[in-house]
Amino acid sequence: MFDQEKEYLISQLENYCKQNGLPTGKLEWRAIPFSGEWGIAIPLFPLAAADTNRKGPVPEHAMKLAELMKASLGQPAGFSRVEAVRGYLNFYFLTSQYAARVVDEVIDLNGKHGFAPLSGKASMVEYSNPNTHKPLHVGHLRNVILGGAVCNILEASGKPIIRANYIGDIGLHVIKWMCNYERYHQGEEPGEDKMRWMADLYAEADKRFVSDPEFEAEVRAYFARWDAGDPHVFALWEQTRDWSMQGFLQVYELLGEHFDRIYFESDVEESGKVLVDDLIRRGLAEDGRPENPVIIDLDKMLGTNEEYRVVVVLRSDGTSLYATKEIPLAIMKFDEYDLDKSIYVIDVRQSLHIKQIRKVLELMGYPWAERIHHLAYEIVNLPGNVTMSSRDGTVVFLDDLIREATERAFVIVKEKNPELALETAEEVAQAVALGAIKYPMIARENTKIVTFDWDSALDFNGQSAPYIQYAFVRANSILRRIENQIPEKGGFDHELHPSEVNLIELISRLPEEVQRAARDLKPSLIASYAYDLAKAFNDFYNQCQVIKAEGSTRESRLRLVEASRLTIEGVLKLIGIKAPPLM
RNA sequence: GCCCCUGUAGCUCAAUGGACAGAGCGCCAGUCUUCUAAACUGUUGGUUGCGCGUUCGAUUCGCGCCAGGGGUACCA
């Protein structure tokens with residue numbers, strides 16, 4: 001946000017280096033640990049270490065250089081003072097001037113603070129990837145939230161994004177469902193809650209499948225009819241898939257997600273088989289049928305040792321597998337769009353598979369293969385690092401989780417704010433509940449396992465989304481007192497309280513946080529930032545009067561509250577969490 | 001065996017190679033006649049798994065161990 005000032009100072013200091021025979025290119029900006037004053041710093045250790053004329057230890061020399069540079073700079077415009085301390089050159093802003101600038105900019109941008117203009121080629125992010133006819137569980141939730149947040153953050157950083165979803169619409173799970181439906185629920189149709197209905201029938205089908213050999217045989221026979229292209233089975237498949245998709249759309253709407261391009265597994269199955277023939281002809285794949293599958297022995301071809309292993313691209317009976325479909329899907333994406341990157345949000349257990357697919361595409365001669373990127377994230381486990389299993393009945397369904405969380409949140413909303421109208425209370429409860437369950441999915445690093453337990457999932461206190469939402473509500477509540485009539489520009493000529501300085505500093509840092517999160521594909525950085533921001537606001541709220549402040553102090557603080565409100569709301573939006581106007 | 005990930009306060013987690021390793025939960029003690037107490041203040045709590053190295057400086061980078069998890073030819 002202060003690029004001009006930074007550039008100016010760096011150029012001055014680089015000049016100083018040139019004139020005094022010091023190495024150049026060693027100066028970088030750092031934050032100053034917060035001390036109630038607002039500033040930026042340059043550590044001089046790299047310069048001191050690289051200085052060939054250095055005598056004595058680096059820290060002492062860095063300190064000496066800091067003092068010399070401080071003397072040569074004098075008093076730069078826009079800064080209250082320069083300080084040389086412990087090997088750092090610290091520059092403190094003239095707070096009034098900069099505070100006003102930050103706040104003015106944020107208010108003018110009206111929710112777009114932190115956003116860079118879109119430019120360059122689009123990237124595709126594939127995420128969610130559910131199977132039709134099956135219920136969604138907390139594992140799916142992490143994927144959707146993470147993928148959605150990555151998209152939001154990349155877009156905010158200036159990158160056009162295509163949100164893609166690859167749906168598993170064929171397979172044994174689908175046939176099981178259909179067979180059970182035809183046998184026991186013929187003619188029934190889903191009600192309001194399609195997801196729930198599909199899920200219940202799936203559970204029933206699965207139970208029959210494992211416990212009833214007769215049913216299992218029926219399913220196998222049904223699968224054969226599907227393979228033979230039976231029109232009746234096909235029609236039922238289309239119908240039931242559509243119900244399932246409607247259910248997904250309901251959930252996505254609830255979660256605030258949307259997709260630009262939906263791919264179906266069934267779209268790439270045939271082309272995958274054709275592609276496998278091509279691979280065999282080109283000598284890339286070895287056809288071991290009928291006894292053995294069709295494989296690509298990557299290690300043999302590349303001369304590597306247990307690095308790429310073997311990819312099985314077609315079963316020995318000629319049916320398709322994961323890789324059969326992934327390869328044509330990747331090609332389809334690059335055929336349809338001129339992509340900068342193709343990002344796959346898929347859990348870490350599939351790392352080798354994706355690495356193999358990328359390598360196969362490279363061997364096939366596609367130059368874009370290297371632009372495929374796997375965003376690997378860890379799974380959601382139960383306490384004790386126990387992986388959820390449908391067989392043990394330990395899977396936590398998204399549906400149940402959202403319902404339970406919303407009910408609990410509703411009780412708390414009514415308790416905290418009994419005057420709220422029923423409808424409002426329900427809306428608030430939903431925003432709080434969804435926020436609370438989403439936040440832990442995104443607030444830790446992608447590579448860390450999320451441990452799900454009901455107690456912490458339903459805990460609305462502490463480091464959580466409701467805490468951040470509450471800060472937003474408090475800001476709103478102040479502004480409601482003045483009927484959202486935000487005072488005119490300017491102000492901040494009062495003695496700023498440290499909590500004000502801290503808050504403004506955090507607000508000013510959003511653009512670089514967005515860039516960093518986008519560069520590293522780490523929404524967790526934004527989640528932490530959101531919490532820090534809320535904490536800074538609460539601190540300010542507790543220490544500074546706004547409505548009761550006087551004159552220009554009051555006006556400045558009202559503007560600061562507005563800037564905070566906009567920033568908190570925007571940052572929550574980036575991580576897919578709604579900010580309710582009241583709680 | 002080989003590959004990948006993780007290891008930081010009692011628990012859950014933060015920390016661009018940079019200043020004193022920070023939050024939340026929990027424990028204990030406080031703060032509502034005040035802009036909403038879903039908040040705030042204070043207290044307690046550390047051999048950053050272990051060792052060696054690189055560096056002016058390592059939780060962060062490299063190597064080697066230890067522990068846990070995952071992957072490793074016809075599941076996805």
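In what follows, every chain begins at residue 1, and chains take the letters A, B, ... in the order their sequences are listed.
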Check your understanding: For residues Ser316(A) and Asn292(A), is any side-chain donor paired with an opposing acceptor at under 3.5 Å?
Key ->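 There is no such pair between these side chains.
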Review point. Going by atom types alone, do Glu500(A) and His494(A) pair a side-chain donor with an acceptor below 3.5 Å?
Key: yes
Base, sugar-phosphate alone, or nothing: which one does [X] contact when heavy atoms must sit under 4.0 Å apart?
X	answer
Gln350(A)	base
Val348(A)	nothing
Arg516(A)	sugar-phosphate
Ser351(A)	nothing
Val413(A)	base
Ile295(A)	base
Leu44(A)	nothing
Glu445(A)	sugar-phosphate
Phe45(A)	base

Check your understanding: Hey, is Arg220(A) close enough to Glu216(A) for a salt bridge, meaning N to O under 4.0 Å?
Key ->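 A salt bridge links Arg220(A) with Glu216(A).
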Exercise for review: Go through Asp539(A) and Leu503(A) one step at a time and tell me if the side chain to side chain contact (heavy atoms under 4.5 Å, CB included) criterion holds.
Suggested key: CA-CA 9 Å; Asp539(A) 191 29; Leu503(A) 178 57; over 6 Å; no
What interatomic distance, in whole Å, is found between [atom1] of [M] and the corresponding atom of [N]?
N	M	atom1	result
G64(B)	U54(B)	C1'	15 Å
A9(B)	G22(B)	P	14 Å
A23(B)	C3(B)	P	40 Å
U55(B)	G49(B)	P	23 Å

From [atom1] of [X] over to [atom2] of [N], roughly how many Å is that when rounded to an integer?
X	N	atom1	atom2	value
Leu525(A)	A14(B)	CG	P	10 Å
Gln515(A)	U16(B)	CD	P	17 Å
Lys176(A)	A76(B)	NZ	P	13 Å
Lys134(A)	C75(B)	NZ	P	14 Å
Leu65(A)	G18(B)	CG	P	20 Å
Glu378(A)	G7(B)	CD	C1'	13 Å
Asn538(A)	C35(B)	CG	C1'	12 Å

[X], nearest nucleotide to its side chain (from [options]):
X	options	answer
Lys548(A)	A19(B), U12(B), U34(B)	U34(B)
Arg481(A)	A73(B), C35(B), C40(B)	C35(B)
Lys535(A)	A23(B), G68(B), A14(B)	A23(B)
Tyr470(A)	A15(B), A37(B), A73(B)	A37(B)
Met583(A)	A15(B), A19(B), A38(B)	A38(B)
Ile547(A)	G18(B), A37(B), C35(B)	C35(B)
Arg474(A)	G70(B), G18(B), A37(B)	A37(B)
Gln463(A)	U6(B), C13(B), A23(B)	A23(B)
Ser528(A)	A14(B), A39(B), U72(B)	A14(B)

Review point. Is Lys333(A) positioned over the aromatic face of Tyr344(A), cation under 6.0 angstrom from the ring centre and no more than 45 degrees off axis?
Key: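 Pair Lys333(A)/Tyr344(A) counts as cation-pi.
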Practice item. State whether Arg349(A) places a side-chain N or O below 4.0 Å from either non-bridging phosphate oxygen (OP1 or OP2) of G71(B). Key: no
Check your understanding: Do any side-chain nitrogens or oxygens of Lys448(A) fall under 4.0 Å of OP1 or OP2 in G7(B)?
Key ->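 Checking G7(B) against Lys448(A), a side-chain N or O does come within under 4.0 Å of OP1 or OP2.
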Practice item. Give the ring-plane orientation class for Phe45(A) versus Tyr88(A), where under 30° counts as parallel, over 60° as perpendicular and anything between as tilted. Key: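 Rings of Phe45(A) and Tyr88(A): perpendicular, as their planes differ by over 60°.
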Review point. In terms of the angle between their ring planes, are His140(A) and His137(A) parallel, tilted or perpendicular, with boundaries placed at 30° and 60°?
Key: tilted
Check your understanding: Syn or anti for C32(B), taking syn as within 90° of 0?
Key ->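 For C32(B), whose glycosidic angle is within 90° of 0, the conformation is syn.
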Exercise for review: Let me know, please, whether Ile412(A) or Asn305(A) comes out on the 5' side of the other along RNA chain B by nearest nucleotide.
Suggested key: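 Nearer the 5' end of the strand: Asn305(A).
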**Study point:** Residue whose nearest RNA chain B nucleotide is more 5′ - Ser524(A) or Pro59(A)
**Key:**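 That would be Ser524(A).
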Exercise for review: Look at the side chain of Arg480(A) and the base of C35(B), then say whether one donor and one acceptor between them are separated by less than 3.5 Å.
Suggested key: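 Such a pair does not exist between side chain and base.
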**Study point:** Check: Asn129(A) side chain, Ile346(A) main-chain N or O, donor-acceptor pair, under 3.5 Å
**Key:**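 A pair under 3.5 Å: no.
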Review point. Are the ring of Tyr88(A) and the six-membered base ring of G18(B) within the stacking cut-offs of under 5.5 Å and under 30°?
Key: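 Given the distance and angle limits, no, they do not stack.
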